[in-house]
J.: 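This structure is in structure tokens; I'll ask about it shortly.
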There are 2 protein chains.
Amino acid sequence: MRKNKGMPMEEQSGPLMADVARLAGVAISTVSRALANPGRVNEKTRARIDAAAKKLGYTPNAMARGLRVGKSNTIMIILPGSLYYGVSQVIPQVLQSINKALLQNGYNLMIANLGRDAESERHILDLAFGGTVRGAIILSSKLPEVDGRSLANAGLPTISMLLDMSDAGVPSVVTNDREAVRDATADLIHLGHRRFLYLAGPENNYHDLERFSGVVEALQEAGLSESAVVRSGGNLDYQHGFDIGLQAASDFAALADKPTAAIATSDDMAISFMSRVQRMGLSIPGGLSIVSFDGSPVCAFCSPPLSTIEQPMEEMGQMAVAILMAAIDRPEQKPEMRNVIRSRLIQRESVAAPVWLLANNFN
Amino acid sequence: MRKNKGMPMEEQSGPLMADVARLAGVAISTVSRALANPGRVNEKTRARIDAAAKKLGYTPNAMARGLRVGKSNTIMIILPGSLYYGVSQVIPQVLQSINKALLQNGYNLMIANLGRDAESERHILDLAFGGTVRGAIILSSKLPEVDGRSLANAGLPTISMLLDMSDAGVPSVVTNDREAVRDATADLIHLGHRRFLYLAGPENNYHDLERFSGVVEALQEAGLSESAVVRSGGNLDYQHGFDIGLQAASDFAALADKPTAAIATSDDMAISFMSRVQRMGLSIPGGLSIVSFDGSPVCAFCSPPLSTIEQPMEEMGQMAVAILMAAIDRPEQKPEMRNVIRSRLIQRESVAAPVWLLANNFN
DNA sequence: TTGTAGGCGTTATCAC
DNA sequence: GTGATAACGCCTACAA
């Protein structure tokens, strides 16, 4: 019989370490050692203990261990409340790769959604300050902060992914958006394009700033004016990519001096944009070239197949976890603040030289 | 100074309940009550305690509470290792809706991946038997089971989603796949189609069985033979939907007696299939009608826009959580074993009457 | 190499 | 209404 002073009514829980110890005829502490530190215990005792544990189907209680050692073994990933999930599979890929990498390090993954409400911030801070999690990977631009508490001073190892938060002191894993877009734009210029349409996500978002800068840099390098690019969008979230594309198609239709190339900042917007302008009678890439962003597999099956800049999510997830693990295990060692993974342009048939150049080939 | 007998070196942790008690000038137990059970404590004391807690930035330690009450407040979602993430956004939507619903009930969401390896099964069982999680939502057809332990007898409230596991005693939330496909097929028959191509996911998978049965039922009801449908695929995972579609296009090309309608069991396969057969010169829906499955938003922007059967993920997630909460809070009450949410066919331009019927309209 | 014992931070019971 | 106190299950410093 167990004692039951000060305890609530309880359904039967599984076997305890004490049960294993009794069956193996040793002290509890020996069981603990045998399980956690097999080297520090006699081989024969260890075998007896293992057998007993297996026989009872013993599983250590994670919360008791966590409380005792003052460390949890779960990591939280903070996803923006308005989660972007388009054709790009970014989120599932991130989750998959992070979870896999964490598992190999003995950690679990917990999901937290960061909305615009104080409630979701409070929840995340509870997770952080309540010792539930041991570290965080954040995919949102804002650090949770509400009534005095802030993730920034939770003493919680935190890594940012996709967005550069190194300014806020958070080590970040990002892609070279700007460079990739600059190169893609330079390619278009090289093909003869001189007038561009840029499809923007939410204005002033890190990605928008980076990617648009890439366009502008390419124009400057080619001696072209910034006025060579027309911006569309800026008021909708990436989540509404399809709507951005539709709006951009309207904008395009209304332009007197038509661009010959479009640069979309997500595959969603590229796809709906392309669909709509084709329906308007425009031919692609003949009448308009399109380059897009995200590297969604489905782009290969658009008509025409869509050129797109791929983001190596698998690699980014692995690196984020590696940096996080280092931050946990060796806190004294200052991590690299900005970690860049290279994007790759996947070239497909949505890009060609502009028609006027093909027609009168004298440039 | 804190005592430190038998304890490892420790970095400073946050304020404790004892600190709040000291600052408020009450006993620890009163603080505990004030925070968890505000009604059972004097209004003025409660206010003093709240103020003290806020001032110190106190956050209760979740593991200590969990250990004490013998219950955790996290739920795990078990995702298949070969995670299907195509254009359909099924997984992100599921996660989003489940997480949101759990949050409202005060629970956290933990991710677990169930691969084909014993290691991942062991990990999940550790979570279950180690008291880390309070319940599980499983999206995989196999219940983790390894060396004696099985999720089936972990005493862990478990709900299946997408797949019907009611046979295994697991309450399930599913869509009416079969019925939806039957109706869609009946529509095609009604339009005049008499010969069909069926694009299958992995053979004998629950979804494949259900959906193909739907096709066969419709044929039978119309007095047509089962030989009216040709199956393609069956050897690849849904994850490789694009490849299934490409293979189906080859199969289609090789058929002497061409089907006039195709039924795809995921949007991915429909999209790559359509892309490939169009490239072969086939016109859609003129030469071939296509109906697909998943309801991916991108289908609206295919050319032609793709008819697809939508799965209401949001609703399914909410129901799964509702049932899980009931299973946790009222274990004596037997839950409904099979919970069906209706799918909806989104009709678009990829479906039309077969050409021969349009041409000689005498049937 | 093994056993003893104290305590991680919280909550529930019991007594006042 | 409030305070003292004993657990929850495990780990580790220390003694043997």
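As a basis for the values below, the full set of heavy atoms in this structure was taken, side chains included, without hydrogen atoms, waters or symmetry mates. Chain A is the first sequence line, chain B the second, and so forth, proteins listed ahead of strands; every chain is numbered from 1.
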J.: Could you tell me whether the phosphate oxygens of D/dC10, OP1 or OP2, come under 4.0 Å of any side-chain nitrogen or oxygen in A/S29?
T.: no
J.: Any carboxylate oxygen within less than 4.0 angstrom of a Lys/Arg side-chain nitrogen, looking at A/R149 and A/D126?
T.: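 Between A/D126 and A/R149 there is a salt bridge, with a charged N closer than 4.0 Å to a carboxylate O.
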J.: Considering only D/dT12, C/dT10, C/dC8, which nucleotide approaches the side chain of A/V69 most closely?
T.: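 It is D/dT12.
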J.: Please check if any side-chain donor atom of A/T74 sits under 3.5 Å from a side-chain acceptor atom of A/R134, or the reverse.
T.: no
J.: Provide, to the nearest angstrom, the distance between the CG atom belonging to A/L67 and the P atom belonging to D/dA7.
T.: 17 Å
J.: Provide, to the nearest angstrom, the distance between the CD1 atom belonging to A/I28 and the P atom belonging to D/dC8.
T.: 11 Å
J.: Take atom CZ of B/R40 and atom P of C/dT13, then tell me their distance rounded to the nearest Å.
T.: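 Spelled out: CZ on B/R40 to P on C/dT13 is 10 Å.
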J.: Using atom CG of B/N61 as one end and atom C1' of C/dG9 as the other, report the distance to the nearest whole Å.
T.: 6 Å
J.: Would you say A/Y58 reaches D/dC10's phosphate, i.e. side-chain N/O to OP1/OP2 under 4.0 Å?
T.: yes
J.: Need to verify one output field. Residue with the more 5' nearest nucleotide on DNA chain D, B/G39 or A/P60?
T.: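 That would be B/G39.
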J.: Would you mind reading off the distance between B/R46 atom CZ and D/dG1 atom P, rounded to a whole angstrom?
T.: 13 Å
J.: With no angle test and no hydrogens, is the base of C/dG3 tied to the side chain of A/R33 by a donor-acceptor pair under 3.5 Å?
T.: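 Such a pair exists between side chain and base.
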J.: Starting from C1' on C/dG9, measure out to CZ on A/F129 and report it in whole angstrom.
T.: 17 Å
J.: Using the side-chain heavy atoms of B/M17, tell me which of these nucleotides is nearest: C/dT10, C/dT1, C/dG3.
T.: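 The answer is C/dT10.
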J.: Side chains of A/I111 and A/L79: closer than 4.5 Å at any heavy-atom pair?
T.: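 SC-SC contact between A/I111 and A/L79 confirmed.
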J.: Kindly say whether, by distance alone, the side chain of B/R68 makes a donor-acceptor pair under 3.5 Å with the base of D/dG9?
T.: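 Between D/dG9 and B/R68, which were checked side chain against base, a qualifying N/O pair under 3.5 Å is absent.
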J.: How far apart are the C-alpha atoms of A/R338 and A/D164, what are their side-chain angles, what is the distance that settles it, and do they pass the salt bridge (charged side-chain N to carboxylate O under 4.0 Å, His left out) test?
T.: CA-CA 7 Å; A/R338 189 163 195 278; A/D164 186 350; 2.5 Å; yes
J.: So if I take every side-chain heavy atom of A/T30 and compare against C/dT2, C/dT10, C/dC14, which nucleotide ends up nearest?
T.: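 Nearest to the side-chain atoms of A/T30, counting from C-beta on, is C/dT2.
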J.: For the pair B/K142 and B/E121, find out whether any cationic side-chain nitrogen is under 4.0 Å from an anionic carboxylate oxygen.
T.: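 Yes.
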J.: Taking CD1 from B/I49 and P from C/dT10, how many angstroms apart are they, rounded to a whole number?
T.: 14 Å
J.: Using the side-chain heavy atoms of A/N42, tell me which of these nucleotides is nearest: D/dG9, C/dT2, C/dG9.
T.: C/dT2
J.: Tell me the interatomic distance from B/K44, atom NZ, to D/dT2, atom P, rounded to whole angstroms.
T.: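 Distance check: B/K44 NZ to D/dT2 P gives 11 Å.
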